[in-house]
Amino acid sequence: MGAQLRVYKRRIRAITATKKITKAMEMIAASRIVKAQRKVAASMPYATELTRAVTAVATGSNTKHALTTEAEAPTRAAILLITSDRGLAGGYSSNAIKQAERLTERLRAEGKEVDTYIVGRKGVAYFGFRERKVADSWTGFTDSPAYADAKRVAGPLIEAIQLDTAEGGVDELHVVYTEFVSMMTQNAVDGRMLPLSLDKAEEETGAKGEILPLFDFEPSAEDVLDALLPRYVESRIYNALLQSAASEHAARRRAMKSATDNAGDLIKSLSRLANAARQAEITQEISEIVGGASAMADATAGSDK
């Protein structure tokens, strides 16, 4: 019985130590969510005005450009999948991967070849385990992305959209990331970055139905679009990285809170079992003492006779 009690106490100590770790991780994740939300809010005005500028240039000129003009028969597409570098975040990365898989199937059903670009070790590990080809990948910054990281990711994608498909280029750019809705809700979504849909851009910027002013372009509308292309892609990727970072922290906070609560429930259950084992041990010891005293009393009575 004593050995069983020691087992319970050892398990309680181990789970208590785990509970302290998960509680600390929960608090860290909660503090980082606020910072990530502030970064998302700070990035929105620039992204909105940049999209508005691209929309104005596209509607004010007849220039055909990779930023705004769809290919007549697109045959190749690129997908940027954003996952996390670390685990312990519930289904955050797996939901984004599933969304990317659904998008890939949809594009292939349309007769398009798909090149996959990945941000985050979880996505890289998923594709690596299945021995599936990845065009490029980046890791090490998913929980706190900077604009420089977005520029680094955008470089190969911009190069791919500017090349002909015969030279390894693509006709479309898509991004799969996790949209931060609230502390309790984060949705894995996908969207087409390029070519830019003017109707969708007007909805995003709140300019739907708005009459845009006429512009003169120096030196030309095509040169202006060439200058705006990298800025637009970088801003969209940066916003997606920030949304994903906030979602990752929220998912990790929720997962760690659940782990902490489960550890507390398990400690209570083990404590009850340990108390029952201790009571049984005490009862057995009392029974042995009483039995021993009775035996001694009987022996003493027999010797007196």
Side-chain angles (χ1 to χ4, degrees), residues 35-58 63 65-70 77-85 96 100 103 115-120 123-124 134-163 168-180 189-198 200-205 207 217 221-248:
K35 296 178 182 178
Q37 284 181 290
R38 289 173 182 170
K39 287 184 177 180
V40 172
S43 72
M44 290 304 295
Y46 175 76
T48 300
E49 290 304 318
L50 186 57
T51 304
R52 187 187 294 266
V54 172
T55 304
V57 177
T63 302
H65 193 274
L67 184 57
T68 57
T69 305
E70 295 192 27
I79 296 177
L80 174 64
L81 168 62
I82 300 176
T83 61
S84 67
D85 284 323
L103 175 59
D115 292 340
T116 305
Y117 297 77
I118 300 177
V119 173
V124 173
V134 175
D136 206 345
S137 63
W138 303 266
T139 60
F141 55 82
T142 59
D143 59 344
S144 183
Y147 194 81
D149 299 317
K151 290 184 68 175
R152 188 153 53 93
V153 174
L157 294 172
I158 295 170
E159 183 179 352
I161 196 68
Q162 291 176 328
L163 290 174
V170 297
D171 299 310
E172 298 176 357
L173 290 181
H174 298 261
V175 60
V176 177
Y177 66 100
T178 306
E179 180 184 27
F180 182 86
V189 297
D190 65 82
R192 193 180 74 176
M193 278 194 294
L194 294 176
L196 174 65
S197 172
L198 297 182
K200 187 174 181 180
E202 289 177 354
E203 291 179 1
E204 291 177 353
T205 58
F217 305 111
E222 185 174 1
D223 290 332
V224 173
L225 287 173
D226 284 339
L228 290 176
L229 173 61
R231 305 290 181 273
Y232 172 76
V233 175
E234 289 165 7
S235 68
R236 287 292 299 270
I237 291 176
Y238 184 51
N239 183 263
L241 288 172
L242 292 177
Q243 292 259 10
S244 296
S247 299
E248 178 185 347

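From a predicted model like this one, the values you see are computed outputs, not experimental measurements.
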Exercise for the section: Show your reasoning for whether side-chain contact (heavy atoms from CB on, under 4.5 Å) applies to L242 and Q37. Expected result: CA-CA 8 Å; L242 292 177; Q37 284 181 290; over 6 Å; no

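- Inter-residue side-chain proximity for I79 and D115 is flagged as unmet; no heavy-atom pair is nearer than 4.5 Å.
- Between the side chain of N239 and the main chain of R236, no donor-acceptor pair closer than 3.5 Å is present.
- For the atom pair CG (D171) and CG (L163), the distance works out to 11.5 Å, reported to the nearest 0.5 Å.
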Practice task
Let me see the working for S144 and K35 under side-chain contact (heavy atoms from CB on, under 4.5 Å), right down to the final yes or no.
Solution key: CA-CA 9 Å; S144 183; K35 296 178 182 178; over 6 Å; no

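- Closest non-hydrogen pair, A160 versus Y117, comes out as CB-OH, 3.9 Å.
- Atom CD in E179 sits 10.0 Å away from atom OG in S244 (nearest 0.5 Å).
- At a threshold of 4.5 Å between non-hydrogen side-chain atoms, the residues V124 and V134 do not count as touching.
- A distance of 8.0 Å separates CG in D190 from NE2 in H174, rounded to the nearest 0.5 Å.
- Of all heavy-atom pairs spanning I82 and A240, the tightest one is CD1-CB, 3.7 Å.
- F141 places a side-chain heavy atom less than 4.5 Å from the side chain of L241.
- Looking at every heavy atom in both residues, A100 comes nearest to L81 through CB-CD1, 3.8 Å.
- Taking 4.5 Å as the limit, some side-chain heavy atom of W138 sits within range of a side-chain heavy atom of P156.
- Using a 4.5 Å heavy-atom cutoff, the side chains of V153 and V119 are in contact.
- The shortest distance between side-chain heavy atoms of I237 and E234 does not fall below 4.5 Å.
- Applying the side-chain contact (heavy atoms from CB on, under 4.5 Å) test to D143 and every residue at least two apart in sequence or in another chain returns R32, R86, E248, H249.
- Of the possible donor and acceptor atoms, none in the side chain of S235 sits under 3.5 Å from a partner among the backbone N and O of A47.
- Of all non-hydrogen atoms in I158 and P230, the two that sit nearest each other are CD1-CA, 3.4 Å.
- Residue L173 holds its CG atom at 9.0 Å from CG of L80, rounded to the nearest 0.5 Å.
- When all heavy atoms of E172 and I161 are compared, the pair lying nearest together is N-CD1, 4.0 Å.
- Between the R38 side chain and the A41 main chain, no donor and acceptor come within less than 3.5 Å of each other.
- Distance check: Y177 OH to Q243 CD gives 5.5 Å after rounding to the nearest 0.5 Å.
- The minimum heavy-atom distance linking T142 with A245 is given by the pair O-CB, 3.4 Å.
- Using a 4.5 Å cut-off on side-chain heavy atoms (C-beta onward), K151 and Y238 make no contact.
- Although no hydrogens or angles enter the test, the distance criterion places a donor-acceptor pair under 3.5 Å between the side chain of D85 and the main chain of G140.
- Inter-residue side-chain proximity for L194 and V170 is flagged as unmet; no heavy-atom pair is nearer than 4.5 Å.
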